[in-house]
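Naming convention: chains lettered A, B, ... in sequence-line order (proteins, then strands); numbering from 1 in each chain.
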Number of protein chains: 2
Amino acid sequence: MTGAATRRPRADALRNRERLLAEADAVFREQGTGASLEGVARRAGVAIGTLYGHFPTRTALIAALLDARNRELFAHGDALAEHPDPALALADWVRAVVRHAAAYQGLAAVLAARSDELQDSCHRLTAIGERLVDRARAAGALRGDTTGADVFTLMNAAAWARGHDTPAQADRLLDLALAGMIVG
Amino acid sequence: MTGAATRRPRADALRNRERLLAEADAVFREQGTGASLEGVARRAGVAIGTLYGHFPTRTALIAALLDARNRELFAHGDALAEHPDPALALADWVRAVVRHAAAYQGLAAVLAARSDELQDSCHRLTAIGERLVDRARAAGALRGDTTGADVFTLMNAAAWARGHDTPAQADRLLDLALAGMIVG
DNA sequence: CGGTTATGCTGAGGTTCCCTCGGGTTCGGT
DNA sequence: ACCGAACCCGAGGGAACCTCAGCATAACCG
């Protein structure tokens, strides 16, 4: 029943998938996540139907792009859980995620929408954040009743600001909010 | 040369303009600033060309909508300049602008783009903010080198968060950032 | 009040993008 | 070499954007 002895995926399918991911990454960096998918397909030398065959949804495409790059971010987050200074660790984490999420303009909005297709990435992300928040709180380094949700909102807002203001200005906002969150 | 003895504007033009503004306000509240302009025109009982005749650009339409409602906001801001507690005044101002800018989802992005069509509204807005910042700084209520630009960025980011998260969550973010900005 | 003229309205149409789907193609397996 | 599944193609129907040539009508004038 379950032993479906599935056939090896076709070589051209793999090629096209990689090509699409590469071009989508480039286009989204240039024009944001709202860019034309027909343009992506064109640049990848592939028909539009092929793109939809691999990625039924814009969000699915974005999710695939993120998956490919999340390993190191997660590794960094796990390492930070051992960091001697919980407050610094949390701040470092937030800044890392913001830099990551600002890769494509418009990504923050996609993440904030919390669609099913991004559940995996988001879940892991919030789990790490939650853990760092708990540790910081235990160390008495958190002001008031700051929660993991607050951290998530802050990361999204800062990532959004990075795409609509100068990065330097967005970083100032981030510093401000972190100063309000973390007891010096 | 300049004495062109211009003719009075047509009554139907004025009617259509008002109708368009009213429907645009309703539609933008429901669907955000990205809503279909053809839908707005339809709801206003007017052809699409009429809409473009009055408002050559989506941003121009938004600017007209804001103009109509900015009087009270500006009045509030001017009143706050006399408030006995400069820190409270600044916080109040930020919160008021954020509530205002969250009327339509997507408005924050439009404001952050700083197009010429919104120059008037934005200029006045930042001027009031700058004034309140200066007063707060003079009273020693501001942390570090916080600037008017920081306040502007914060307002935008918070307004964005309001449209993409729960308002309550966005307000928590705002409180956090204000706590980081204002010396208790 | 009718005529004149500027002002404003209309809606078809060119363009871009979205997404689907039937038919043709190509690859993996034998 | 050949079968069948897996995959690719691209036309095409929708929606929205924006323009523009021609028509309608409101303001002005005598």
Q. Can you say whether the rings of Tyr104(A) and Phe28(A) are parallel (under 30°), tilted (30 to 60°) or perpendicular (over 60°)?
A. perpendicular
Q. Would you say the side chain of Arg10(A) and the base of dA6(D) hold a donor-acceptor pair, judged only by whether the two atoms sit under 3.5 Å apart?
A. yes
**Q.** Residue-phosphate contact under 4.0 Å: Asn16(B) side-chain N/O, dC9(C) OP1/OP2
**A.** yes
Q) Looking across every strand, which nucleic acid part, if any, lies under 4.0 Å from Leu37(A) by heavy atom: base, sugar-phosphate, or nothing? A) sugar-phosphate
Q) Whole Å only: how far is the CZ atom of Arg42(B) from the P atom of dC18(D)? A) 15 Å
Q.
I want to check one thing: is the phosphate of dA15(D), taken as OP1 and OP2, less than 4.0 Å away from some side-chain N or O of Ser36(B)?
A. no
Q) From the list dG8(C), dC18(C), dC18(D), which nucleotide is the closest neighbour of the side chain of Ala13(B)? A) dG8(C)
(Q) Quick test of your reading of the model: are Asp25(A) and Arg29(A) salt-bridged, counting only N-O distances below 4.0 Å? (A) yes
Q.
Here's a test of your reading of the structure: between Gly39(B) and Leu14(A), which maps to the more 5' nucleotide of DNA chain D?
A. Leu14(A)
Q.
Closer than 4.0 angstrom, basic N to acidic O: yes or no for Glu38(B) and Arg58(B)?
A. no
Q. Is it true that a side-chain atom of Arg15(A) and a backbone atom of Arg10(A) form a donor plus acceptor pair closer than 3.5 Å?
A. no
Q. Between His54(A) and Ile48(A), which is nearer to the 5' end of DNA chain D once each is assigned its nearest nucleotide?
A. His54(A)
Q: Please state how far atom CZ in Arg8(B) lies from atom P in dT25(D), giving the value in whole angstrom units.
A: 18 Å
Q. Starting at CG of Leu61(A) and ending at C1' of dC18(C), how long is that distance when rounded to a whole Å?
A. 14 Å
Q) With the threshold set at 4.0 Å, does a side-chain nitrogen-carboxylate oxygen contact exist between Arg99(B) and Asp171(B)? A) no
Q: Could you tell me whether Thr50(B) contacts a base, only the sugar-phosphate backbone, or nothing, with contacts defined as non-hydrogen atoms closer than 4.0 Å?
A: base
Q. Taking CZ from Arg15(A) and P from dC27(C), how many angstroms apart are they, rounded to a whole number?
A. 7 Å
Q | Nucleotide nearest Arg58(B) when distance is taken to its side chain, options dC17(D), dC18(C), dA16(D) | A | dC17(D)
Q: Would you classify Gly49(B) as touching base, sugar-phosphate or nothing, given that sugar-phosphate means primed atoms plus P, OP1 and OP2, and contacts are heavy atoms under 4.0 Å?
A: base
Q. Any idea which of dC8(D), dC18(C), dC17(D) is nearest the Tyr52(A) side chain?
A. dC18(C)
Q) Between Gly34(A) and Asp12(B), which is nearer to the 5' end of DNA chain C once each is assigned its nearest nucleotide? A) Asp12(B)
